[in-house]
**Q** 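Structure in structure tokens, see below.
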Amino acid sequence: MKKLIIFASLGLSAFAFSQEVKNLPDNGKQKTALIVPAEQAKLEAQKKAAEEKAKLPKPYDPKADAQADINKLVAQAKKEGKNVMIQAGGNWCIWCLRFNNFVQTTPELKELVDKNYVYYHLNFSPDNKNEKVFAQYGNPGEKFGYPVFIVLDKDGKMIKVQQSDVLEEGKGYSKEKVKEFFTIWAPKKG
């Protein structure tokens, strides 16, 4: 009988120990299993964005004399009866590059811009922040982020600052919203 009690005790102890082991902390293994897919997804998204950015045209020139360029465009706008569209941002900004590409590759939008605006990409980057130029327009990038649009009339007077997020749709831009923006701020003919 004593042997049976010892044997039963050992059996129950083994069973209890096995249950206890199942409930022991997993030393972070479970967390790692959850973190890895999330980090992997983040890395994949970053890789996709980098690949997209590499393929897009880079319209911003950090070496440009922005004030001199804008002065020339205002003179051109006056002569042609157009407004000046300044797209502020940089080649580092995926949304800036997406917008530029969207307008350039959407015939309806490109035609609308070419007909009504002289267009300029005002650089903001560590290489050239164009602080004096931005200051005269109230530093809209600090308020709204990039890209941000500054519309000047043919005399160089600022008539509109437009943040870009209201023009977005999904991972890009809304053709209808962008078309409406370009239409509303086009020079009044007649």
Side-chain angles (χ1 to χ4, degrees), residues 35-36 38-78 82-106 109-110 112-114 116-175 177-179 181-182 184-185:
I35 289 172
V36 170
E39 286 182 10
Q40 187 66 34
K42 185 179 176 186
L43 288 173
E44 287 296 318
Q46 288 173 339
K47 183 181 171 188
K48 271 186 171 178
E51 288 170 359
E52 178 188 0
K53 194 186 289 186
K55 292 176 186 172
L56 293 171
K58 310 294 184 289
Y60 296 91
D61 181 1
K63 294 182 177 99
D65 180 343
Q67 190 60 63
D69 290 347
I70 291 169
N71 293 343
K72 287 177 196 165
L73 290 175
V74 168
Q76 181 184 343
K78 189 171 197 130
K82 296 180 177 182
N83 283 344
V84 179
M85 178 64 66
I86 300 173
Q87 180 183 326
N91 294 328
W92 52 268
C93 166
I94 189 74
W95 285 96
C96 300
L97 301 180
R98 283 177 181 159
F99 189 87
N100 176 66
N101 192 60
F102 181 62
V103 171
Q104 295 301 315
T105 60
T106 307
L109 296 177
K110 182 160 177 33
L112 188 58
V113 166
D114 291 347
N116 296 293
Y117 299 95
V118 290
Y119 209 95
Y120 187 69
H121 291 89
L122 176 57
N123 183 74
F124 177 85
S125 69
D127 297 340
N128 188 351
K129 295 181 181 179
N130 282 304
E131 292 168 308
K132 287 181 181 174
V133 177
F134 278 101
Q136 65 188 334
Y137 303 121
N139 294 310
E142 289 178 11
K143 295 176 191 161
F144 303 118
Y146 297 97
V148 63
F149 305 95
I150 305 162
V151 185
L152 310 179
D153 68 11
K154 64 180 175 27
D155 297 316
K157 180 179 171 247
M158 184 174 68
I159 56 173
K160 176 68 176 169
V161 171
Q162 177 67 56
Q163 62 196 78
S164 65
D165 62 346
V166 297
L167 306 175
E168 293 173 11
E169 187 173 83
K171 292 275 185 204
Y173 290 92
S174 161
K175 182 178 168 184
K177 290 177 184 175
V178 172
K179 182 180 174 185
F181 167 62
F182 285 145
I184 289 172
W185 295 101

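Everything numeric in this text was worked out from a predicted model, so none of it was measured.
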**Q** Specify the closest pair of heavy atoms between G138 and K143, including all atoms of both residues, with the distance to one decimal.
**A** O-NZ, 3.3 Å
**Q** Is it true that F124 and Y60 have ring centroids separated by less than 6.0 Å?
**A**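 No - the distance between ring centres of F124 and Y60 does not fall below the 6.0 Å cut-off.
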**Q** For W95 and Y173, I'd like to know if the aromatic rings sit close, meaning centre-to-centre distance below 6.0 Å.
**A**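 Centroid separation for W95 and Y173: below 6.0 Å.
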**Q** Using the rule given for side chain to side chain contact (heavy atoms under 4.5 Å, CB included), can you reason through F181 versus Q162, listing the C-alpha separation, both sets of side-chain angles and the distance that settles it, and then say yes or no?
**A** CA-CA 9 Å; F181 167 62; Q162 177 67 56; 3.4 Å; yes
**Q** Taking all atoms of both residues into account, what is the closest heavy-atom pair of C96 and G89, and its distance?
**A** SG-CA, 3.7 Å
**Q** Quick one, N116 and N83 - any side-chain contact, counting heavy atoms below 4.5 Å?
**A** no
**Q** From R98 CZ over to L56 CG, what is the distance, rounded to the nearest 0.5 angstrom?
**A** 8.0 Å
**Q** Give, for atom CD of E39 and atom CD of Q46, the distance between the pair rounded to the nearest 0.5 Å.
**A**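 Answer for the CD-CD pair, E39 versus Q46, is 10.5 Å.
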**Q** Assess the residue pair L97 and N91 against the criterion (side chain to side chain contact (heavy atoms under 4.5 Å, CB included)); give the C-alpha distance rounded to whole Å, side-chain angles, the decisive distance to 0.1 Å, and a yes or no.
**A** CA-CA 7 Å; L97 301 180; N91 294 328; 3.9 Å; yes
**Q** When you look at NZ of K171, are more than 12 heavy atoms from neighbouring residues, nucleotides or ligands closer to it than 6.0 Å?
**A** no
**Q** Would you indicate whether the side-chain heavy atoms of F144 and D165 approach each other to under 4.5 Å?
**A** no
**Q** Should the heavy atoms of other residues, nucleotides or ligands under 6.0 Å from NZ of K157 be counted, would the total exceed 12?
**A**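 It does not: K157 NZ has 12 such atoms or fewer within range.
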**Q** Can you tell me if N100 and H121 form a side-chain donor-acceptor pair at under 3.5 Å?
**A**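 Side-chain D/A pair, N100 to H121: present.
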**Q** Looking at K160, I want to see if its NZ is surrounded by more than 12 non-hydrogen atoms of other residues, nucleotides or ligands under 6.0 Å.
**A** yes
**Q** Taking the side chain as every heavy atom from C-beta outward, state whether K47 and E51 have any atom pair closer than 4.5 Å.
**A**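 When only atoms from C-beta onward are counted, E51 and K47 do touch, with a gap below 4.5 Å.
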**Q** So which atom in Q76 and which in V118 form the shortest heavy-atom distance, rounded to 0.1 Å?
**A** NE2-CG1, 3.4 Å
**Q** Give a yes or no on whether the backbone of D114 and the side-chain of K82 come within a donor-acceptor separation of less than 3.5 Å.
**A** yes
**Q** Testing the basics here: between P62 and S125, what is the closest heavy-atom pair and its distance to 0.1 Å?
**A** CB-OG, 4.1 Å
**Q** Which is it for V151 and M85 under the side chain to side chain contact (heavy atoms under 4.5 Å, CB included) test, yes or no, and what are the steps along the way?
**A** CA-CA 5 Å; V151 185; M85 178 64 66; 3.7 Å; yes
**Q** How long is the straight-line distance from NZ of K78 back to CG of D153, given to the nearest 0.5 Å?
**A** 8.5 Å
**Q** Is there side-chain contact between K48 and E52, with heavy atoms separated by less than 4.5 Å?
**A**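 A side-chain contact is absent here, since even the closest heavy-atom pair is not under 4.5 Å.
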**Q** Search all heavy atoms of V148 against all heavy atoms of P140 and return the closest pair with its distance.
**A**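 In this case the closest contact between V148 and P140 is CG2-CB, 3.8 Å.
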**Q** Under the side chain to side chain contact (heavy atoms under 4.5 Å, CB included) test against S164, which residue among F149, F99, Y146 passes?
**A**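 Among F149, F99, Y146, the one that satisfies the side chain to side chain contact (heavy atoms under 4.5 Å, CB included) with S164 is F149.
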**Q** Could you check if a side-chain atom of Y137 sits within less than 4.5 angstrom of a side-chain atom of V161, using non-hydrogen atoms only?
**A**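 Heavy-atom side-chain distance check fails, nothing below 4.5 Å.
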**Q** Measure the NZ-CG distance between K177 and L167 for me, rounded to the nearest 0.5 Å.
**A**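 Those atoms lie 7.5 Å apart.
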**Q** Take N130 and N123, measure what side chain to side chain contact (heavy atoms under 4.5 Å, CB included) needs, and give me the verdict at the end.
**A** CA-CA 7 Å; N130 282 304; N123 183 74; 3.9 Å; yes
**Q** So among I70, D69, N128, which one has a side chain to side chain contact (heavy atoms under 4.5 Å, CB included) with V133?
**A** I70
**Q** If the plane angle is over 60° it's perpendicular, under 30° parallel, otherwise tilted; pick one for F182 and Y119.
**A**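 Aromatic pair F182/Y119 classed perpendicular.
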**Q** Any heavy-atom pair between the side chains of V74 and D155 that's under 4.5 Å?
**A** no
**Q** Drop me the distance from K179's NZ to T106's OG1, to the nearest 0.5 angstrom.
**A** 11.5 Å
**Q** Can you measure from CG (L122) to CD (Q67) and round to the nearest 0.5 angstrom?
**A**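 Those atoms lie 9.5 Å apart.
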